[in-house]
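The figures that follow rest on heavy atoms only: side chains count, while hydrogens, waters and symmetry mates do not. Note that the structure is predicted; figures quoted are calculated from it, not measured.
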Amino acid sequence: MFNLEEELKKLPARPGVYLMHDQSDEIIYVGKAISLKNRVRQYFQKSRHVTPKIQRMIDRIAWFEYIVTDSELEALVLECNLIKEHSPRYNTMLKDGKAYPFLKATVGEVYPRLLFARQMKRDGNKYFGPFTSSQAIRDTIELANQLYHLRNCSRVLPRDKGKERPCLYYQIGQCKAPCQGYISEEEYRENFSRALRFLQGDTKGILKNLTEKMMSASEKMEFEEAAKYRDLIDSVRKVTERQKITSDDAGDRDILAMARGGDEAVVQVFFIRGGKMLGREHYYLTGVEEEEDSSVMSAFIKQMYSGTPFVPKEIWTETEVDDAESILEWLTSRRGHKVYFRNPKRGQKERMLELAKKNAYLVLTQDAEKLKEERARTIGAMEEIQGLLGMDNLVRVESYDISNINGFQTVGSMVVFENGKAKKNDYRKFRIRSVSGPDDYGAMTEMLTRRFEHFKRVTEAGERQAGEEDSFAHLPDIIFMDGGKGQVNIAESVLERLNLHVPVCGMVKDDHHRTRGLYFHNEEIPIDTHGQGFRLITRIQDETHRFAIEYHKLIRGKGQVHSILDDIPTIGATRRKALMKAYQSLEEIKQATVEELSAVPGMNEKSAQAVVKFFEEDCVDTTYYGAQKTCANGGKYDDQ
C-alpha cells in the first residue's frame, strides 16, 4: 500500500526525475527537479496555487516514483527520454517526431562522392542540411554531379580501379571515370572542392561560366548544346532560390516561433545554415491550453532536439525559455560547442521571427481540418482498435506475412506501424532457411523466432542503447498476424518459448479474402467496416502482403537469371566473366580446345577440361547468347 505522507518524507534533496502514476499504473506526468524533495512535495501542498490542468493531474495521482541523478543536466536528458517513451497525458507533447535528411560529402574517400543520408553521424564526413525535402537533396546531388563530373557509383576506389568497364555516366559525359584512372586524384579532388563551394552558395562563377558557354554555342548555331546550358542555368537558379532568405551574418541557427489556439499550438522552425535558409518545418503540439508560452517553448525544444542529430549554434525564440540555463548546458553537450538562445527585438532578426510566426498562424488556421483528418486516420484509428481490443497505449504494431509459390523460395516480411503510420525504416525481410515445401506455419515459426531471439540477445547483452536504430531492439505493443487462429497460435507459442509477453491479434478474412474481424484472446471480434480502425487494419494487412510479395519477386527474379556456365564445376563468377570476355558466343566456347581454354586469364587445365566435358555431355543447343537453351538434362537456362 502506497502511503503518500511516508513516501514524501523519504524523498532525497538531490536532482532527479519523478514519474506520477494513476490508479491503473499509467504514467500521467514526468518532470525533473534540482531537488526532488522540494519539487515533488509542492504538488501536495494545499496552500499552493496551481492551474486547473495541474490540479486535475494531482487529483489522479495514486503513487509516484523517482530516479536520482548526479546533476540537473542528467535529469534533463532522462526527462526527455521518458517523455518520448511514455507520452504522459499531462505533459505538453510533441504530436509527431520527424527525421530530416542530409546531403553527405564523403570527404574521407580518395575519390569522394555526394550522397543522400538519413542521419548525420560523427564519421569524419561533411554534412549539409538538414533539408525538409528529400527530393531537393536528390536534385541538388544530380546537378552537382553533372556540373563537376563526380562519380555516384559505390565502387571502392582505388582498390577496384580497372576491374570493371566504365558505367553509362562515363559514356554520356557526366563522369570522368576515376574507376579507370582516366582522371587524376588531384584533378578529381579539385572538381569536388568546387562542388562543395557550390553547395555552400558560391554560384556566381558557375552562372557566368554556363552563360558564356550557352552564348558561344548559340553563336555557332549549336542550339541543342545551348539549350543544355540554358537548362543547367535554370537548375542552378532554382537551387539558389531555396536559399534566398539570408541573415546579415553567416552561421547555423534555428528560428522558432509559435501560434496558439485552444489546446493546440504550432511551432514554425526555419533552418538557417551558413546564413541561408535551407528549409522550414512546422510541428503540432497538444496540451498547451493552460501553459505559459515560455513553458510550451521549453517543452518543445527539449523534445525536438533530443531526437535530432544536429544542434545549431544559435536558437532564436520570440519568448524566454523556462530552464534556459540547464537546457543550454544540455544542448552544448550534444553539439560539442557552446549553444546560445537569442530573443531578437528589432531589425532584420526580429523580422525573421515575425515571418516565422506568420507562417505558424497560417498553418494553424489553414491546416486545422487537414490535421483533424490525419489524426483520425492514424492516432484516432489506433484508439478505435484499442477500444475494440480493450487495451491501452497501443503505439507500435508489427505485422508478419509469408510468401512463396508451392514452397519455392519462401520469404517472410515484417512491417511496422507507429501511431497509425508506416515506419518503413523498421521494415525487415527474411529469407526462410529451415523450411522446404509449402509449410507456412514452419516458415512463420522460423521468422518470429529469429526476430525475437535477436531482441533477447540485444537486451540481455545490455546493448540496447548502442543498437538504438535496430528495429529488432524494440518490442511491439501488439503483433498482427495475417490470418486467424492458426497464425496467432504460432506466434503465441514462439513468444511463450522465449518468455516474452506481447499480445497477438489475427486479422481474419472472409471467403472473398477481405478482412471481416479480429481474432483476439480466442474469440473473433467483429469490426465496423466503415470505421477508421478497419481502414487502418486493411492498410497494415495490404502493406504486409505487398512487402512480402515484392521481396519474393526479387528473389525469384534473381534465381531466374542464370547462365549455363554457372552449372559447370570449378567455374565461378570470375572465370565465367573471363570466358565471356574471351569468346563472342557459347558456341565458340563449346568449340574451344582444352589448350585454348587454359590460355584464358584465370583458367587452368582442370577448369578447361571441366568446360569441354560439360558441353560434350550435357548441352544440345548453345548457338547464341541471350536466349533460353534446352539442354540434355531438360533444364532451362537464361544466359544474361
Inset, instruction - Before accepting this row, confirm whether a basic side-chain N of the pair Glu543/Lys421 lies closer than 4.0 Å to the acidic partner's carboxylate O. - result: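 No salt bridge links Glu543 with Lys421.
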Legend entry - Glu550 with Arg546: basic N within carboxylate O range, under 4.0 Å: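 Here Glu550 pairs with Arg546 in a salt bridge, since their nearest N and O are under 4.0 Å apart.
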Legend entry - Residue list, side-chain contact (heavy atoms from CB on, under 4.5 Å) with Arg575, at least two apart or on another chain: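 Residues passing side-chain contact (heavy atoms from CB on, under 4.5 Å) with Arg575: Thr570, Ile571, Met603, Asn604, Ser607.
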Legend entry - Among Arg451, Glu418, Met414, side-chain contact (heavy atoms from CB on, under 4.5 Å) partner for Pro476: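 The passing option is Arg451.
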Whether [X] side chain and [Y] backbone form a donor-acceptor pair below 3.5 Å:
X      : Y      : answer
Arg113 : Cys153 : yes
Glu318 : Met258 : yes
Tyr127 : Phe310 : no
Thr332 : Leu328 : yes
Ser218 : Met214 : no
Arg151 : Arg155 : yes

Legend entry - Pairs flagged by side chain to side chain donor-acceptor pair (under 3.5 Å) wherever residues 335-344 is involved - sequence neighbours left out: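 Listed once each, the pairs are Thr317-Asn343.
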Inset, instruction - Kindly state each residue pair satisfying side chain to side chain donor-acceptor pair (under 3.5 Å) with at least one member in residues 160-174, sequence neighbours excluded. - result: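 As it turns out, the side chain to side chain donor-acceptor pair (under 3.5 Å) pairs with a partner in residues 160-174, which skip direct neighbours, are Tyr111-Lys161.
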Inset, instruction - Measure the acute angle between the ring planes of Phe198 and Tyr148, then classify it against the limits of 30° and 60° as parallel, tilted or perpendicular. - result: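 Geometry flag for Tyr148 against Phe198: tilted rings.
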Inset, instruction - Would you please indicate if the ring centroids of Tyr284 and His282 are separated by under 6.0 Å? - result: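 Between His282 and Tyr284, which both carry aromatic rings, the centre distance is below 6.0 Å.
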